[in-house]
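Some notes on the structure that comes next.
Just so you know, ligand 1 is whichever comes first in the structure, and atom 1 is the first atom listed for that ligand.
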Amino acid sequence: MNLSDITLDREGLAAAIACEDAAFEAALREEAYRVKVATVGPEVYLRGLIEISNICAKNCLYCGIRRDIRCQRYELSEDEVLAAARVAAERRFGSVVIQGGERTDAAFIRKITRLLKAIKSIDTRDDPPLGITLSLGEQSREVYEEWFDAGAHRYLLRIESSNPDLYRKIHPAGHSYDRRLQALHDLKEIGYQAGTGAMIGMPFQTAEDMADDLLFYKKFDAPMVGMGPYNPHPETPLTLSGASFPSAERRFALGLKMIALLRLLMPDINIAAATALEVLDPRGREKGLLSGANVIMPNITPEEQMVKYNLYDRKTQLRDCPSSLDILSSQKIVIGYGRWGDSKHFHRRLSWIKSLSLTS
Ligand code: 5AD
Ligand code: SF4
């Protein structure tokens, strides 16, 4: 297959995803990098990742912190979260992501609200206040509103698979695809930059499913997408079922290829190079950036707890030290220090909506 053969419809995307020709894959990544630089520029934006807790009420069949897995649970204190956020401010990351298992108890919800207000008041000197992304699963619309009003402006909620049948296969009863879609629409309506994504290279997943995931992001008009390779966790039902899935090498190549294809399909959105890439290749995120991604999330969770946030096997990457970012700057990558790095797509859409309401 040649680059000129790609069409950005379901059939064309699925053919590009299924094609394992290394020369084709390399050409596609280069083209996506070129489109990224031409559209959103060479910068990579940083989001300091704070993994607030591995306690989760859900029981997703692929996840290493699912409710029924026996593992050591933790929850960061407010002081610990704030200390991490101050590190992000000092290192001029521009934004933080607060991610954790899904919890809907009132104490947790209020804690997040207090934290959002406190993070917003951290001194960032000449930079804007820290931007805040939340990734805390499905919540009621009221809770999303409370957090938005307290200062969160982006929310990541992966659809995991846009195919309702595959979604059902990788989740237990009681986890609803429609509920997840509703949550995504609530987030968008409230005014969040609502990001989504899916896992890549899962059991039962076809090239057409992955093509549909890309088309789902387009249809949802996602201003940001964070997708990454599936990595098995030894104790999850999905792994124990023995269902087959692509090799680590193939999942990595697929992860990069999905980033590249998405950059061609949605040139001006923010695309994250997920941590799951780094697990498969020590320079995974850098390769993601060179394939069209423009966001990374350096992990600033205190190390003692970080190792317990085991979504999948070998997620024991070390704390990102300043020198790991220096390595990036020695490549063709420019780090957008001290900036929110919101998606250009989101602001274009907003100004378009404003112009409609002005003229109507
Ligand atoms: N492999 C890759 N990603 C996973 N996640 C959970 N388990 C796995 C796994 N085994 C991802 C999900 C979820 C995010 C928090 O982690 O996509 O949205
Ligand atoms: Fe919980 Fe998310 Fe893991 Fe599902 S994927 S069990 S919601 S942390």
Between Y230 and F245, is the ring centroid distance below 6.0 Å?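 Ring centroids of Y230 and F245 are less than 6.0 Å from each other.
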
Considering the heavy atoms of [X], write down every atom of ligand 1 situated less than 4.0 Å from one of them.
{"X": "C63", "answer": "7 (N)"}
{"X": "Y230", "answer": "1 (N), 2 (C), 10 (N)"}
{"X": "L311", "answer": "7 (N), 10 (N), 15 (C), 16 (O)"}

What's the shortest distance from [atom] to any protein heavy atom, and which residue and atom give it?
{"atom": "atom 11 (C) of ligand 1", "answer": "R158 NH1, 3.7 Å"}
{"atom": "atom 8 (C) of ligand 1", "answer": "Y312 CD2, 3.6 Å"}
{"atom": "atom 17 (O) of ligand 1", "answer": "E160 OE1, 2.6 Å"}
{"atom": "atom 1 (N) of ligand 1", "answer": "N231 N, 2.9 Å"}

In terms of atom number and element, which parts of ligand 2 are under 4.0 angstrom from non-hydrogen atoms of I65? 8 (S)

How about W147 and I109: do any of their side-chain heavy atoms sit closer than 4.5 Å?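 Of all side-chain heavy-atom pairs linking I109 with W147, at least one is under 4.5 Å.
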
Heavy-atom distance under 4.5 Å between the side chains of E189 and Y144, does that happen here? no

Using 30° and 60° as the class limits, which term best fits the ring planes of H185 and F220: parallel, tilted or perpendicular? perpendicular

Is it the case that the side chain of T39 and the backbone of D268 share a donor-acceptor pair, with hydrogens and angles ignored and the cut-off at 3.5 Å?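 No; zero donor-acceptor contacts below 3.5 Å.
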
Measuring from atom 6 (S) of ligand 2, which candidate in C60, A57, P172 has the nearest non-hydrogen atom?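 It is C60 that holds the nearest heavy atom.
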
If we set the cut-off at 4.0 Å for heavy atoms, which region of C56 has an atom near ligand 2: side chain, backbone, both, or neither? side chain

Does the pair R34/E30 count as a salt bridge with the N-to-O cut at 4.0 Å?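 No, R34 and E30 are not salt-bridged.
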
Between E31 and R263 (salt bridge meaning N to carboxylate O under 4.0 Å), is one present in this structure?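 Not counted as a salt bridge, because no side-chain N and carboxylate O are separated by less than 4.0 Å.
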
Does P229 approach ligand 1 within less than 4.0 angstrom via side chain, backbone, both or neither, non-hydrogen atoms only? backbone

Side chain, backbone, both or neither: M199 near ligand 1, heavy atoms under 4.0 Å: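 Within the 4.0 Å criterion, M199 contacts ligand 1 through side-chain atoms alone.
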
List the steps and the verdict of salt bridge (charged side-chain N to carboxylate O under 4.0 Å, His left out) for E25 and K287. CA-CA 13 Å; E25 291 186 329; K287 291 180 185 172; over 6 Å; no

When you compare ligand 1 with Y62, is there at least one nitrogen or oxygen pair between them that comes in under 3.5 angstrom? yes

Nitrogen or oxygen atoms of H233 and ligand 1 under 3.5 Å apart: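 Such a contact does not occur with ligand 1.
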
State whether any protein heavy atom lies less than 4.0 Å from atom 2 (Fe) of ligand 2.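 When distances to the protein are checked, atom 2 (Fe) of ligand 2 has no heavy atom within 4.0 Å.
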
Only one of W340, Y192, F346 passes ring pair (Phe, Tyr, Trp, His ring centres under 6.0 Å) with H153; say which it is.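 Only one option passes, and that is W340.
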
Checking ring pair (Phe, Tyr, Trp, His ring centres under 6.0 Å) between Y167 and each of F216, Y177, F204, which is the one that passes? Y177

